[in-house]
Amino acid sequence: MFTDPCLDARAGLDEEKGRARPSKPTMMHTAQIQAASDTPVKAPTRRALAKQQTRAKVLDAARRLFSEQGYEGATIRDIAAAAGMSTGAVFANFTDKSDLFREIMLTDMMALAEAMREAAAHGTSAEDGLLRLFVAGYRFYQTQLPLARAAFSVGWSPQDGPALRSAPPVQILLSLFTEQLTKGVQSGELSQDDQIALRTQMLFDAYLANYDQAIFQGWTLEALKARSHDQIRILLAGIRRR
Amino acid sequence: MTAPHNLALPEDLTESATADPAPAAAPDVTLGLRRTQKQATRNRVVEAARELFDTQGYQGTTIREIARHAGVSVGSVFTTFASKGEVLSQVMAERLDGLYAELDRVMPHLRGATVERLRTMFAIHFSFESRHTRLFLAHIAAAYDWTLPPTAMPMGRNQRLQTILRECLEKGVAEGDVCPQVDRQEVVDLLMAAYAWVYRLAAWNDADAPAMTAVMDRQIALIAAGFQPRA
């Protein structure tokens with residue numbers, strides 16, 4: 001009845017890793033449209049291109065409004081108006097507001113995963129690699145904290161929270177944290193960890209919880225980094241070899 | 001959903017009579033009555049909101065539904081509360097008052113190592129709140145809501161719980177099982193993050209209080225490795 005989601009969280013990751021990772025949001029849409037069409041070799045039809053442009057316009061407007069008014073405050077009607085189209089046109093592309101928001105979040109998280117992976121590649125140890133993961137995240141959202149705030153609001157909601165939290169990109173982010181722990185064990189920096197799933201989840205939660213300081217108290221990147229460093233040390237203390 | 005108002009009304013009459021030092025010189029009965037009615041409406045709204053947040057979550061509940069459920073007009077909800085976030089704050093404040101009064105009473109008498117005291121504290125918490133995990137999640141989600149007034153107390157900034165945790169750790173420093181070099185606020189933050197996560201598990205996986213406590217115990221042990229003095 002009560003399963004540890006950390007275990008589920010890593011399922012299907014290998015499959016996910018093998019896929020091409022879109023680096024730009026627009027590429028993702030192209031990929032989807034091509035996948036949906038029967039003959040992906042052909043150039044997209046005019047109709048498909050128009051649809052793609054509509055989607056991109058809606059997503060841009062939605063991103064802006066969610067940032068300005070929060071998830072609750074932004075309505076489909078406002079988003080349609082900001083995109084210069086009818087609400088019907090919005091609904092032709094997205095089932096509802098949560099669908100629209102999820103699309104934005106998932107696109108961002110794929111890009112975030114890429115930024116984190118790059119940052120962690122320069123890590124000199126597991127501890128340092130983890131810190132780089134944290135900081136890469138804070139840097140990524142530094143200029144779009146209102147959107148992060150909206151994401152937390154949705155992430156904690158009983159309706160949309162589970163879907164967002166268990167989305168494949170979140171699992172990729174989690175796997176990056178696990179990777180650092182595994183690397184630490186392999187290099188001898190950390191001792192064998194029988195709680196790697198729990199530790200991964202706790203590191204990830206500490207990473208997320210610190211956004212509160214950025215959102216509500218205006219902490220700088222440096223302050224967030226110092227805090228994260230201490231937290232990582234506390235969470236690794238039990239398996240640190242010294 | 002009519003019982004609560006009938007019950008609430010006489011109670012409010014006595015409450016406002018004692019709590020409100022009504023100007024003795026003012027024989028203004030209508031003003032007093034209006035205040036009483038306002039208090040009754042407020043109680044009805046809070047009661048209705050608690051039920052709806054608990055079953056449908058924060059985002060899934062509208063002010064309009066709260067008004068309908070409470071049997072009052074939308075307008076009268078807004079004369080009492082500025083926003084949905086404010087209604088939720090009031091719901092949580094009333095609930096948590098009881099819990100923290102209990103914890104304030106129990107905490108000074110808890111014995112054993114800091115880890116054990118922390119575990120007991122959270123176990124009490126979960127047994128108190130486990131039936132309302134969705135409400136609690138709504139509380140957390142609301143912290144990120146734009147409409148929340150700055151005076152509201154979202155979960156992350158819940159100073160009462162943080163104070164209890166800090167005192168627990170300070171006691172540990174005095175007794176020698178918490179390393180004095182460790183930043184207590186950072187430990188508190190980690191405990192708060194773990195605590196919130198347990199609620200999410202509970203709400204999404206239907207965990208009961210013992211299951212929540214078991215997961216929290218593991219997380220406390222992991223954090224404790226970071227605050228205990230090194231042998």
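Note that the coordinates shown come from a computational prediction; the quantities given were computed from them, not determined experimentally. Within every chain, numbering begins at 1; the chains are lettered A, B, ... in the order of the sequence lines, protein sequences first and strands thereafter.
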Practice task
Looking only at non-hydrogen atoms, find the nearest pair between Ala225(B) and Ala237(A) and report the distance.
Solution key: O-CB, 3.3 Å
Problem - Closest non-hydrogen atom pair, Trp156(A) against Trp197(B) - result: CH2-N, 4.3 Å
Approximate separation, where rounding is to 0.5 Å, of [X] [atom1] and [Y] [atom2]:
X: Leu198(A); Y: Arg218(B); atom1: CG; atom2: CZ; result: 4.5 Å
X: Asp189(B); Y: Asn210(A); atom1: CG; atom2: CG; result: 7.0 Å
X: Leu190(B); Y: Leu235(A); atom1: CG; atom2: CG; result: 5.0 Å
X: Arg233(A); Y: Glu186(B); atom1: CZ; atom2: CD; result: 11.0 Å

Practice task
Could you tell me whether the side chain of Arg200(B) reaches within less than 4.5 Å of the side chain of Asp205(A), counting heavy atoms only?
Solution key: yes
Exercise for the section: State, yes or no, whether a side-chain contact exists between Leu222(B) and Met202(A) at a heavy-atom distance under 4.5 Å. Expected result: yes
Handout entry: Lys57(A) atom NZ, neighbour heavy-atom count above 12 within 6.0 Å
Key = no
Problem - Lys171(B), NZ atom: more than 12 neighbouring heavy atoms under 6.0 Å - result: yes
Practice task
Check each atom of Asp160(A) against the heavy atoms of chain B and say whether the ones under 4.5 Å are side chain, backbone, both or neither.
Solution key: side chain
Problem - Proximity breakdown for Arg165(A) and chain B, heavy-atom pairs closer than 4.5 Å - result: side chain
Problem - N-O pairing of Asp183(B) and Arg227(A) below 4.0 Å - result: no
Problem - Working for side chain to side chain contact (heavy atoms under 4.5 Å, CB included), residues Lys84(B) and Glu72(A) - result: CA-CA 11 Å; Lys84(B) 190 168 79 172; Glu72(A) 291 244 312; 3.3 Å; yes
